[in-house]
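Order of appearance sets the numbers: ligands from 1, and atoms from 1 within every ligand.
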Amino acid sequence: MITVDRLTVSYGAFTAVDDVSFVAQPGRVTGFLGPNGAGKSTTMRVMVGLTPPTSGQVTIGGLRYHDIPNPGRHVGTLLDASAQHVGRTGREILAIAAQTMGLPKTRVDEMLALVGLSDNEAGRRLRNYSLGMKQRLGIAHALLGDPSVLILDEPANGLDPAGIRWMRGLLKGYADRGGTVLLSSHLLHEVEQIADEMILIGHGRIVAQGDRATLLAGASGTPTTLVTSLDNTALGAALTHAGHAVEAAGAGLKVQASPEQVGRAALTAGVVLTDLRSGGAGLEDLFLELTSSTQRDALPNGVPA
Ligand SMILES: Nc1ncnc2c1ncn2[C@@H]1O[C@H](COP(=O)(O)OP(=O)(O)OP(=O)(O)O)[C@@H](O)[C@H]1O
Ligand SMILES: [Mg+2]
């Protein structure tokens, strides 16, 4: 478990992290989401003792990072995938880390296989690695000591779609086995698909937290639902009759109502649904709204988000 307790980090008069508190639980993937400059990396650097807190503290399993004996065996970190020595090969970087942690050499090959780096790639120097290869090596490095806590700063950066799917499966499996995963991203879609819990940060402050459903429930405005059925005309009429605004969207309908309300209208009308989902835009709108004071780029009027 990672516990962030009233953490503040100031650089002179500038407060990068402002009274932040949250918990990342074992068995859960916690997404740390916020726009560029929100304070995600700074918070994560405090977690692993690289940046001193101005006030407050972070503990992992009840201990501060520096007080954890052989921390690599308990906490796996990926902070800056290019922070390694560029003249070393991927295999050397893992071998040195394994030696430091007192792990058998076989662990290095296991991790290279796990992250999909071939023998040939593992023998190249880091300076010749592609962004995605660096990221895979960073994940191998984080997992090397078989830790129970993972702290990953923008782990999906540079991964191709297959790599992102692979990482999602890897981290979900890791959490299912009881591990604690905290991962940051500035991309909602990335986090939404993998995180059980989300912590939204903007301008150094936590602006919302909870699971997807809780966050959406707290969002202002009417929820939207996308629905497709065997008889959209009849369903559309039933929804309009129930007082919900309906418009055509692709092969189905976009409705200003919750999935439950749409389901009820369909039940009443006796229409078979073939697809029903909560409109993803709701969460994106919420994210932009909550972090709007820190958005660099205001959306021009009339341009849909
Ligand atoms: N050593 C430092 N000195 C001064 N300001 C700093 C320092 N480190 C970070 N900051 C500032 O703190 C703020 C938060 O930075 P941080 O790197 O934590 O953001 P982030 O949420 O990780 O953003 P991104 O999505 O771009 O990675 C930024 O305004 C940054 O310029
Ligand atoms: Mg960052």
For ligand 1, which atoms, with element, lie under 4.0 Å from some heavy atom of [X]?
{"X": "F14", "answer": "11 (C), 12 (O), 13 (C), 29 (O)"}
{"X": "A16", "answer": "12 (O), 13 (C)"}
{"X": "S41", "answer": "17 (O), 18 (O), 20 (P), 22 (O), 27 (O)"}

Notebook entry, point to check: Got a sec, which residues hit side-chain contact (heavy atoms from CB on, under 4.5 Å) with S229, two or more places apart in sequence or on another chain?
Noted result: N232, L235, V271, L273
Check: Can you name the residues that form a side-chain contact (heavy atoms from CB on, under 4.5 Å) with R205, not counting sequence neighbours?
Finding: D18
Notebook entry, point to check: Under 3.5 Å, is there a donor-acceptor pair linking the side chains of H186 and E154?
Noted result: yes
Notebook entry, point to check: Side chains of S185 and E190: do they bring a donor and an acceptor to under 3.5 Å?
Noted result: yes
Notebook entry, point to check: Is the number of heavy atoms from other residues, nucleotides or ligands under 6.0 Å of Q99 CD greater than 12?
Noted result: no
Notebook entry, point to check: So, does G34 sit close enough to ligand 1 that a heavy atom of it is under 4.0 Å from the ligand?
Noted result: no
Notebook entry, point to check: Touching ligand 1 at all, E154? Heavy atoms, strictly under 4.0 Å?
Noted result: yes
Notebook entry, point to check: Would one find an N, O or S atom of S41, in either backbone or side chain, under 2.8 Å from the Mg ion (ligand 2)?
Noted result: yes
Checklist line | Under 3.5 Å: N/O of N36 near N/O of ligand 1 | finding: yes
Check: Short question: side chain of R136, backbone of V115 - any donor-acceptor pair under 3.5 Å?
Finding: yes
